[in-house]
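Please read the structure below before turning to the comments.
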2 protein chains.
Amino acid sequence: MEKFLALSNEKQDTIRNAALACFAKHGYEKASINDIAVAAGISKASIFQYFGNKQTLYQYLFDYCAAQMKQAYNTSALEETTDFFDRVWEASVMKVENLKKHPHIASFIASVAAEPTPELKSAIFSEANEKYIASLVLHERDYKKFRHPEDAELVFQMLMLLAKGMSVQLENGVDYDGMMKEFREILNMLKHNFYKEEYLL
Amino acid sequence: MEKFLALSNEKQDTIRNAALACFAKHGYEKASINDIAVAAGISKASIFQYFGNKQTLYQYLFDYCAAQMKQAYNTSALEETTDFFDRVWEASVMKVENLKKHPHIASFIASVAAEPTPELKSAIFSEANEKYIASLVLHERDYKKFRHPEDAELVFQMLMLLAKGMSVQLENGVDYDGMMKEFREILNMLKHNFYKEEYLL
DNA sequence: GCGCAAATAACCGAAACGGTCAATGCTTAT
DNA sequence: ATAAGCATTGACCGTTTCGGTTATTTGCGC
């Protein structure tokens, strides 16, 4: 594996992305090293040169993704933002920026959770991370801004579902910036309809 | 193929579901007849007895899904319902009931669209169907009920995204009834916050 | 027990699998 | 220019699995 880490960063990225995409799409068993090699534009033998065997490559990708996902969120920025909808927006931007940089990590992690041999660490870790971010976004002190304070939690759950829908769209090739622009408009609209007038500037 | 149609409906269903799930998960190339046979609890040879070859089976499933999806929506009921949010609810119930009955059709159709040899008929047909339902749900005459009539279209787009998010959750094993209950609550909440008071009973 | 169709175990050649290795380039130091 | 050194790969290994066929077994009405 030192062989692989000695490569240029761009080449590492190409290979990682090819492997992540293949494993995500086909799962561990059905993704062949040859598929990955072709997708990466290198020879099959090179991959064995770099990683020794299929399992080691898979484990490496998993560790890489776990590390990358921890970096994805800037939690301190979230803590400093005072408005609920602004925090939702910030967290979404962080998520999408990360998705732009590493387009296949999310679907790879999702596919690991679906493996018949579930190292469910992945699902658990990934879910725990999401829950943690969620807990940073919704606070009780946000409730009072709502015309009907009891709506706040349901609005939040709705926004989580909305985010899932957006992720699907992005995976299907919808453009990032257009999607984010629409999402920004949705947040503004929700704010104007759900907040008391005194909290709208 | 007459051999297959002579089977009992339950057995047909078992085999179809197994095949749909395998093709949806792995795609045409990587889904093997053996996978399907094991999933269906019958022998590989039987599948060839019924369908002759892999391609014929795939084509049969595609035709079957297309036919099934046309039946899924009761458009006349939609046309008779006068309130926007009620129509959204009705269309969602139809979609979810269909998903309960035929759990793998949606993902199979989605996977056909992702085939490297895209008979893009599937994507086009499926999308056209969705667009048509959408056109039945939102009418201009709904706008006036909104506190801000210009919000109506964006609310609708938001609800479409929300539906996508819900589909993801359902595919991941979240229970149907709980999800639908939450969605009903969301719709009520939106209605109460977006409609003018005079339109709330 | 017999006849017959439905189901399958056993099998086919071909292809693809994970993995190895000797031969090729491609640098770089002399 | 050349030889050493190393990253890269085409060709190959034994094994498994592929789509598809065939010969045998099974279950069932009579």
Side-chain angles (χ1 to χ4, degrees), chain A residues 1-63 108 111-112 115-117 119, chain B residues 1-63 108 111-112 115-117 119:
Chain A
M1 248 205 45
E2 323 79 47
K3 298 278 189 73
F4 174 73
L5 296 172
L7 266 40
S8 76
N9 285 343
E10 305 88 60
K11 194 160 187 180
Q12 285 188 35
D13 246 344
T14 306
I15 297 171
R16 266 193 304 260
N17 283 337
L20 287 170
C22 284
F23 279 127
K25 188 166 190 175
H26 303 299
Y28 180 79
E29 294 285 349
K30 303 235 168 194
S32 78
I33 298 290
N34 199 49
D35 289 341
I36 296 169
V38 169
I42 63 176
S43 77
K44 184 175 77 158
S46 287
I47 294 187
F48 283 100
Q49 200 58 233
Y50 299 149
F51 296 100
N53 60 51
K54 195 179 179 180
Q55 227 185 99
T56 304
L57 166 59
Y58 195 73
Q59 184 66 49
Y60 164 76
L61 291 173
F62 177 80
D63 296 340
F108 175 78
S111 80
V112 176
E115 283 296 329
T117 313
E119 310 266 340
Chain B
M1 244 206 48
E2 323 81 46
K3 299 279 190 75
F4 175 73
L5 297 172
L7 265 40
S8 75
N9 285 343
E10 304 89 59
K11 194 161 187 180
Q12 285 188 36
D13 244 346
T14 307
I15 295 170
R16 266 194 304 260
N17 282 337
L20 287 170
C22 284
F23 279 126
K25 188 166 192 175
H26 302 300
Y28 181 80
E29 294 285 349
K30 302 234 168 197
S32 78
I33 298 289
N34 200 47
D35 290 340
I36 296 170
V38 169
I42 62 175
S43 79
K44 185 176 75 157
S46 287
I47 294 186
F48 282 100
Q49 199 60 232
Y50 299 148
F51 296 99
N53 61 50
K54 196 179 179 179
Q55 229 185 97
T56 303
L57 166 59
Y58 194 75
Q59 185 65 49
Y60 165 75
L61 292 173
F62 178 80
D63 295 340
F108 175 79
S111 80
V112 176
E115 284 295 329
T117 312
E119 309 267 340

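Computed from a predicted model, the values in this text were never measured in an experiment. Lettering of chains follows the sequences in order, A, B, ..., and the numbering in each one begins at 1.
- Put simply, the side chain of Lys54(B) and the base of dG20(D) share no donor and acceptor less than 3.5 Å apart.
- Rounded to whole Å, atom P of dC18(D) lies 18 Å from atom CD of Gln55(B).
- The interatomic distance linking Leu57(A) (CG) with dG19(C) (P) rounds to 10 Å, in whole Å.
- Taking atom CZ of residue Phe48(B) and atom P of nucleotide dG20(D), one finds them 5 Å apart after rounding to whole Å.
- Close to dT8(C), at under 4.0 Å from its OP1 or OP2, lies a side-chain N or O of Ser46(B).
- Looking at residues two or more places apart in sequence or on another chain, you find a ring-ring contact (aromatic ring centres under 6.0 Å, His included) between Phe23(B) and Tyr28(B), Tyr58(B).
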Tell me, with the steps shown, if Ile42(B) and Gln49(B) meet side chain to side chain contact (heavy atoms under 4.5 Å, CB included).
CA-CA 12 Å; Ile42(B) 62 175; Gln49(B) 199 60 232; over 6 Å; no

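- Residues Leu7(A) and Ala45(B) both approach DNA chain D. Their nearest nucleotides, taken by heavy-atom distance, put Leu7(A) toward the 5′ side.
- Contact between the side-chain N/O atoms of Tyr50(B) and the OP1/OP2 oxygens of dA7(C) is found at a separation under 4.0 Å.
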How far apart are the C-alpha atoms of Phe51(A) and Met1(A), what are their side-chain angles, what is the distance that settles it, and do they pass the side chain to side chain contact (heavy atoms under 4.5 Å, CB included) test?
CA-CA 5 Å; Phe51(A) 296 100; Met1(A) 248 205 45; 3.8 Å; yes

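- In this structure, Lys3(A) places its NZ atom 16 Å from P of dG5(D), rounding to the nearest Å.
- Ring orientation note: the planes of Tyr60(A) and Phe4(A) are nearly perpendicular, at an angle over 60° on the 30°/60° scale.
- The side chain of Lys11(B) contributes an N or O atom lying less than 4.0 Å from OP1 or OP2 of dA7(C).
- A heavy atom closer than 4.0 Å to some atom of DNA chain C occurs in Ile42(B), Ser43(B), these being the qualifying members of residues 14-43 of chain B.
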